[in-house]
*Asks:* 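Take a look at the following structure, please.
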Amino acid sequence: MELNESVKGLSGIGEKIFQTLQKIEISTLKDLVYHLPRAYKDFSHIKKIGEARFGETAFFEGKIVSQPTVKRPKRNLEITSFQIADGTGIAAVDIFNQFYIKNNLATGNTLYIYGRLEHRFGKVRIAVPELYFKKPEEAFQPVYPLTAGLTQNMMRKFIREALRVMEPVELYSSSFLRRYKLPGIKAALKEVHFPESAAHIEKARERIVFDELLIFNRMLTLLGDESRAQSCARINECSVQEFERSLPFELTNAQRRVMKEIMDDIEGDTVMNRLVQGDVGSGKTVIAFFAMYCMRKNGYQSVLMAPTEILARQHYETAVKLFPENEVICLTGAPNAKKKDEMRQKISDGSAMIIIGTHALLYGELSLKRPGLVITDEQHRFGVKQRAALLGGRDIHTLIMSATPIPRTLSLVLFGHTDISIVDELPPGRKEIKTYLIHRDKYDAMVGFIRRELSAGRQCYFVCPLIEEGEGMEAKAAKQMLEEIRKFYPGSKAALIHGKLKNAEKQEIMDDFSKGKIQILVSTTVIEVGINVPNATAMVIMNAERFGLAQLHQLRGRVGRGGFQSYCFLVSDHQEAYERLRVLVRSSDGFEIAEKDMQLRGCGDIIGTRQHGVSTLKAANLITDVELLTETKEILANMEKVYPKEYQMITEQAKRQLAGKLLEIALN
Ligand SMILES: Nc1ncnc2c1ncn2[C@@H]1O[C@H](COP(=O)(O)OP(=O)(O)OP(=O)(O)O)[C@@H](O)[C@H]1O
């Protein structure tokens, strides 16, 4: 069978199981054999009770030394207890409701138990025990990520069967495999699922990660490597000093440096392709506006693509302060058809110089008279070239703004073909945001503290997390929060903003909040990126344990944007999350926090990868596999010459995955 055939052809997979498998993104044989174990049970080594550490999960062998006793503390619950000994120690074992096993237990029988050794209530015990009457044949048993309706046994059976009937495609020649000390793909897939030894697992996983990262690197070069086009825009008249005179503040040195870098780019002969990274509140927006200012000064139009409508509006408000109002256009909300036509007209006849909108609105709709620059955010960079082309040609400058700090080692790989500017300085007068972990006992004190902030004229945010069960629930939780808050602070005006509201409603609430007509904004995470209300000084994040650190840092960055001392309260009753959350209490450095977050949770959320582009990585972790990431990047650099056939194969794979991604983005 072929790799991309449906798993439906496998024995045991009918329509119902097929649908269940799809929930964990398995439709084809390829998906199935690349559904890798998240752990292995190690049966290769029998651990002695006397030698295992408490807390260690291991495989034990012992004889039953006490007559099993049965208790029924509740209806439907039966606990069978006994002890085993192996010459080095004795451990107690409890099993629940496993009637079949219970009947086979007798003093003197030998048992194999896989479980966690614990010391509780004065006794050594084996917790979560799995009992075997015979030693399992395999040395390691894979443990797969599952969903309801699937069992480990089923997965093992399906994967074994898939490996038997299909022939994986080998991307490399034997000399390539020898050169990089890699096992063949067939062996690697077999070993990653049904390994003979720990060393085999490591080798097999490395091969699979190697492929993923090589293809990933190729995807990045495909996105970035077309030799830089000649720039169409002739820019020679712009000055940082002159721009600065139109601002209400002095620029920081970092801002000036980055603006200078942009100027050098756009005054050159080839198009700019630059990423601006900076921590929350470091003042990236003004840098974007400087680039637009240069374009306008030289008669070219700029397009600013914002990730949300609220942000597009906010940028519009800033833009009209810096540019003549009739030259700025904001394509958000649903202006009536006549207005829309007028806007299109102004864009195509060149009287609109600054065009702001969301990605969706700007996609494929416009024809610009003199396009010069497209500014987008980091999450939407995949496909930005395609969009630039739609807006009028590939010789347009692009500037990418990153709202998420990405650790340097990683950004060098991810953005290897993009120039990077870092805004590594905050505007003067910013005070560190004081961050506290709030347990239920302290909640009232926090409520009182915020009351004082409100009476001093400040504003605050209360953020409720997205609740898994669906958006309806999310809105409900936030609504309850709003009621509660109105009771807490009867003298202040509070409003609720969430994703289900109409854009015009959202906009009105945001406007009222930024003008100070509303003092308390209760919100789901719609406020996450970019919102800028300098008078807001307190950020309360409910159920903080549900958020990633990088996301919390972004949320926290909504306060502390003016000169006032600001506060962030992470409300959580989940003590087990405190260690992770303390990273935020200790650090205000977005780069450090992002790195920690990636180590703890993988990279998905950080670079917006789950939705946008890198979800092709299943086995690889961009932080822990960073060495292999760099190595594959180096291999790729010479591969076309030395291993042209392999290069071809990798390129095809990369193109196929990229096409899928771009389609996904276009449809979003
Ligand atoms: N040099 C400066 N001096 C004083 N204030 C500044 C300076 N640069 C920017 N600001 C102000 O700092 C605030 C934050 O700037 P901006 O919104 O550009 O941050 P950002 O880097 O985009 O942050 P985020 O990623 O959180 O959206 C704004 O109110 C802006 O007007």
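Remember, it's 1-based here, ligands and their atoms both numbered in the order they're listed.
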*Asks:* Go through ligand 1 atom by atom and flag the ones less than 4.0 Å from a non-hydrogen atom of E250.
*Replies:* 1 (N), 2 (C), 3 (N)
*Asks:* Any side-chain donor-acceptor pair under 3.5 Å between Q255 and N253?
*Replies:* no
*Asks:* Do Q554 and ligand 1 have an N or O pair less than 3.5 Å apart?
*Replies:* no
*Asks:* Determine, using heavy atoms of G278 and all atoms of ligand 1, whether some pair is separated by less than 4.0 Å.
*Replies:* no
*Asks:* Treating R257 as the side-chain partner and I422 as the backbone partner, does any N or O pair qualify as donor plus acceptor under 3.5 Å?
*Replies:* yes
*Asks:* Considering all heavy atoms of both residues, which atom of K506 and which atom of L501 are nearest to each other, and what is their separation?
*Replies:* CE-O, 3.5 Å
*Asks:* Taking side chain as C-beta onward, heavy atoms only, is V463 less than 4.5 Å from R558?
*Replies:* no
*Asks:* Is R430 close enough to touch ligand 1? Criterion: a residue heavy atom under 4.0 Å from a ligand atom.
*Replies:* yes
*Asks:* Give a yes or no on whether the ring-centroid distance for F513 and Y461 is below 6.0 angstrom.
*Replies:* yes
*Asks:* What are the atoms of ligand 1, with element, lying closer than 4.0 Å to any heavy atom of R558?
*Replies:* 24 (P), 26 (O), 27 (O)
*Asks:* For N532, counting its heavy atoms only, list the atoms of ligand 1 lying under 4.0 Å from any of them.
*Replies:* 13 (C), 14 (C), 28 (C), 29 (O)
*Asks:* Could you tell me whether V280 and ligand 1 have an N or O pair separated by under 3.5 Å?
*Replies:* no
*Asks:* Just go through V423, L426, T285 and tell me whose heavy atom is the nearest to atom 18 (O) of ligand 1.
*Replies:* T285
*Asks:* Which ligand 1 atoms does T252 reach within 4.0 Å, using its non-hydrogen atoms?
*Replies:* 1 (N)
*Asks:* Checking the N or O distance criterion of under 3.5 Å, is ligand 1 in contact with G281?
*Replies:* yes
*Asks:* Looking at side-chain heavy atoms only, is the closest gap between I354 and L322 below 4.5 Å?
*Replies:* no
*Asks:* Could you check whether R274 pairs with E261 (Lys NZ or Arg NE/NH1/NH2 to Asp/Glu carboxylate O, under 4.0 Å)?
*Replies:* yes
*Asks:* Say whether, by atom type as modelled, one donor and one acceptor occur between the side chain of R256 and the main chain of T252 under 3.5 angstrom.
*Replies:* no
*Asks:* Quick check on contacts: which atoms of ligand 1 are under 4.0 angstrom from a heavy atom of L251?
*Replies:* 1 (N)
